[in-house]
Amino acid sequence: MKNLHKILALTFWLISFSLTAQNIPESVNQCFSKGEASLISTNLASKVKITIPGTDAEIDRSAVVQKLNTFFSSNRPKSYTIQHKSEKGNSGFSIATLSTIRNNYRVHVYFKLENNIYVIHQIRIEKLNE
């Protein structure tokens, strides 16, 4: 009987954890792999801190899409490789390498949990010195 209680408790915990846990959106990988900023528009917070060559500001989601599209127009992606990602509590991040036709960049994307969905609240793209 005690084992049954333990199994039921563990099962309940695993189910509740899986229902509340959300993964970092796949649209981020698609956006940076394809160079299509519109793919992450639904995953952006209302205001996003963005740091890319030529821009360091907190702007609204439509301006983020425009800034990323401008970046992609002169830096067409060749590959996008996640180096590290982590999720803990109400936040998460990913660090990746973006290879473009012109340069290689380190991409940091930071998330926070809002209404059980990870939204992007910061994007940082830095040129790698190789």
Side-chain angles (χ1 to χ4, degrees):
M1 190 65 156
K2 287 183 182 182
N3 285 340
L4 179 60
H5 282 72
K6 288 180 183 178
I7 291 171
L8 288 174
L10 179 61
T11 302
F12 177 75
W13 180 80
L14 288 173
I15 290 171
S16 64
F17 179 75
S18 67
L19 290 175
T20 58
Q22 296 290 322
N23 291 328
I24 293 173
E26 177 61 28
S27 60
V28 173
N29 296 341
Q30 294 173 5
C31 165
F32 285 99
S33 295
K34 296 177 180 179
E36 296 178 24
S38 62
L39 294 173
I40 61 167
S41 62
T42 58
N43 299 106
L44 295 171
S46 58
K47 292 283 188 184
V48 177
K49 169 79 167 124
I50 186 166
T51 304
I52 58 176
T55 300
D56 186 6
E58 186 171 353
I59 55 180
D60 65 35
R61 66 173 57 106
S62 62
V64 171
V65 171
Q66 290 175 341
K67 292 287 185 185
L68 286 174
N69 280 332
T70 300
F71 173 80
F72 289 138
S73 69
S74 59
N75 293 281
R76 198 78 201 143
K78 293 192 304 186
S79 67
Y80 180 75
T81 307
I82 299 283
Q83 302 298 323
H84 183 72
K85 67 180 179 176
S86 179
E87 302 167 32
K88 185 171 183 174
N90 293 331
S91 63
F93 69 93
S94 67
I95 301 171
T97 302
L98 172 65
S99 296
T100 73
I101 58 173
R102 298 177 73 197
N103 295 301
N104 292 322
Y105 297 89
R106 175 81 64 224
V107 179
H108 303 257
V109 182
Y110 298 91
F111 307 88
K112 59 184 171 183
L113 199 58
E114 291 181 0
N115 300 321
N116 266 355
I117 299 171
Y118 276 115
V119 295
I120 300 166
H121 70 95
Q122 184 177 1
I123 299 171
R124 192 169 73 224
I125 302 173
E126 301 168 324
K127 186 176 174 185
L128 290 176
N129 296 325
E130 299 177 308

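Here the structure is a predicted model, which means the values were calculated and not measured. All values below were derived from every heavy atom in this structure, side-chain atoms included, with hydrogens, water molecules and symmetry-related copies excluded.
When side chains are defined from C-beta on, Y80 does not count as touching C31, because their heavy atoms never get closer than 4.5 Å. For the pair H108 and I95, the minimum side-chain heavy-atom distance is below 4.5 Å. Under the 4.5 Å side-chain criterion, counting only non-hydrogen atoms from C-beta, Y118 is not in contact with N43. Side chains of I123 and I40 form a contact here, defined as non-hydrogen atoms less than 4.5 Å apart. For the pair R106 and T97, the minimum side-chain heavy-atom distance is below 4.5 Å. Inter-residue side-chain proximity for I50 and I59 is flagged as met; some heavy-atom pair is nearer than 4.5 Å. The shortest distance between side-chain heavy atoms of Y110 and S91 does not fall below 4.5 Å. A heavy-atom distance below 4.5 Å is not found between the side chains of N75 and L98.
Taking OG1 of T100 as the start and CZ of F72 as the end, the distance is 10.0 Å to the nearest 0.5 Å. In this structure, CG in L68 is found 10.5 Å from OG in S38, a value given to the nearest 0.5 Å. Rounding to the nearest 0.5 angstrom, the gap separating the OG1 atom in T81 from the CG atom in N104 is 10.0 Å.
Residues Q66 and N69 have side chains that never bring a donor and an acceptor to within less than 3.5 angstrom of each other.
Put simply, V107 and I52 are part of the same group of oily side chains (I, L, V, M, F, W, Y) that touch within less than 4.5 Å, one to the next. V119 and F32 fall into different hydrophobic clusters, where Ile, Leu, Val, Met, Phe, Trp and Tyr are joined by side-chain heavy atoms under 4.5 Å apart, directly or via other members.
Using a distance-only test at 3.5 Å, with no hydrogens or angles considered, no donor-acceptor pair links the side chain of N115 to the main chain of I117. In terms of modelled atom types and a separation under 3.5 Å, the side chain of R76 and the main chain of K34 share a donor-acceptor contact. Using modelled atom types, no side-chain atom of S33 and backbone atom of Q30 make a donor-acceptor pair closer than 3.5 Å.
In this pair, F93 and H84 present their aromatic rings tilted. The plane angle is within the 30 to 60° band.
Between F71 and Y105, the ring centre distance stays below 6.0 Å.
More than 12 non-hydrogen atoms from other residues, nucleotides or ligands lie less than 6.0 angstrom from NZ of K49.
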